[in-house]
*Asks:* 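Below is a structure I'd like to ask you about.
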Amino acid sequence: MDVSVASWLVIAAALVAANLPFFNDKVFALVAAKWPRKPLPVRLAEMTVLYFVVGAIGFALEAQIGNRFPQTWEFYAIAACIFIVLGFPGFIVCYLRKRHG
């Protein structure tokens, strides 16, 4: 797999994973829950787990391409901030969009 394709694949996976908790009321889009609307702490917990899932996908693709590069804490802090920013459209749709009707 080409480095460019792998990079775009990780970015696309991060975009989908960051917005997934906000576009449905099931836990991880699989498990139905008894609440009428999923609470924000559950959505944030889902985002945290999905951040690590996307990171694992990125590590796997990087290892498949060649050598994995060692990263320091700054890399993970910036990646977490970018993941939160990627989830912002889902947050807007879920909490800030005015519902008509």
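We use all heavy atoms of the structure for the numbers below, so side chains are in, but hydrogens, waters and symmetry mates are not. Every value quoted in this text rests on a predicted model; they were computed, and no experiment measured them.
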*Asks:* Identify the two heavy atoms, one from C94 and one from F22, that lie closest to each other, and give their separation to 0.1 Å.
*Replies:* CB-O, 3.7 Å
*Asks:* Tracing side-chain links under 4.5 Å among I, L, V, M, F, W and Y, which residues wind up in one group with L86?
*Replies:* L15, I78, I82
*Asks:* Taking the side chain as everything from C-beta on, heavy atoms only, tell me whether D25 gets closer than 4.5 Å to R37.
*Replies:* yes
*Asks:* Are any side-chain N or O atoms of K38 and backbone N or O atoms of V27, one a donor and one an acceptor, separated by less than 3.5 Å?
*Replies:* no
*Asks:* Each residue besides F23 in its hydrophobic cluster should be listed here, by chain and number; the cluster joins Ile, Leu, Val, Met, Phe, Trp and Tyr at side-chain heavy-atom distances under 4.5 Å.
*Replies:* V93
*Asks:* Could you pull out all donor-acceptor pairs under 3.5 Å where a side-chain atom in residues 51-73 meets a protein atom, sequence neighbours excluded?
*Replies:*
unit_1	atom_1	unit_2	atom_2	d
Y51	OH	Y76	O	2.9
E62	OE2	F69	N	3.3
T72	OG1	E74	OE1	2.5

*Asks:* Under the criterion side-chain contact (heavy atoms from CB on, under 4.5 Å), I'd like the reasoning laid out for F28 against L20: C-alpha separation, chi angles, the key distance, then a yes or no.
*Replies:* CA-CA 8 Å; F28 295 109; L20 184 66; 5.9 Å; no
*Asks:* Evaluate the criterion side-chain contact (heavy atoms from CB on, under 4.5 Å) for residue pair L50 and F83; output intermediate values, then yes/no.
*Replies:* CA-CA 10 Å; L50 290 171; F83 194 79; 4.2 Å; yes
*Asks:* Cut-off 3.5 Å, no hydrogens considered: what does the side-chain donor-acceptor table look like for residues 5-13, sequence neighbours left out?
*Replies:*
unit_1	atom_1	unit_2	atom_2	d
S7	OG	V3	O	2.9

*Asks:* Do any pairs count as a side-chain hydrogen bond (donor to acceptor under 3.5 Å, both in side chains) and have a residue in residues 78-96, sequence neighbours left out, and if so which ones?
*Replies:* R43-Y95
*Asks:* Group every Ile, Leu, Val, Met, Phe, Trp and Tyr by side-chain heavy-atom contacts under 4.5 Å, then state whether L96 and L44 land in the same group.
*Replies:* yes
*Asks:* If the condition is side chain to side chain contact (heavy atoms under 4.5 Å, CB included), which residues does P41 pass it with, not counting sequence neighbours?
*Replies:* P39
*Asks:* With a 4.5 Å limit on heavy-atom distance, are the side chains of N19 and F91 in contact?
*Replies:* no
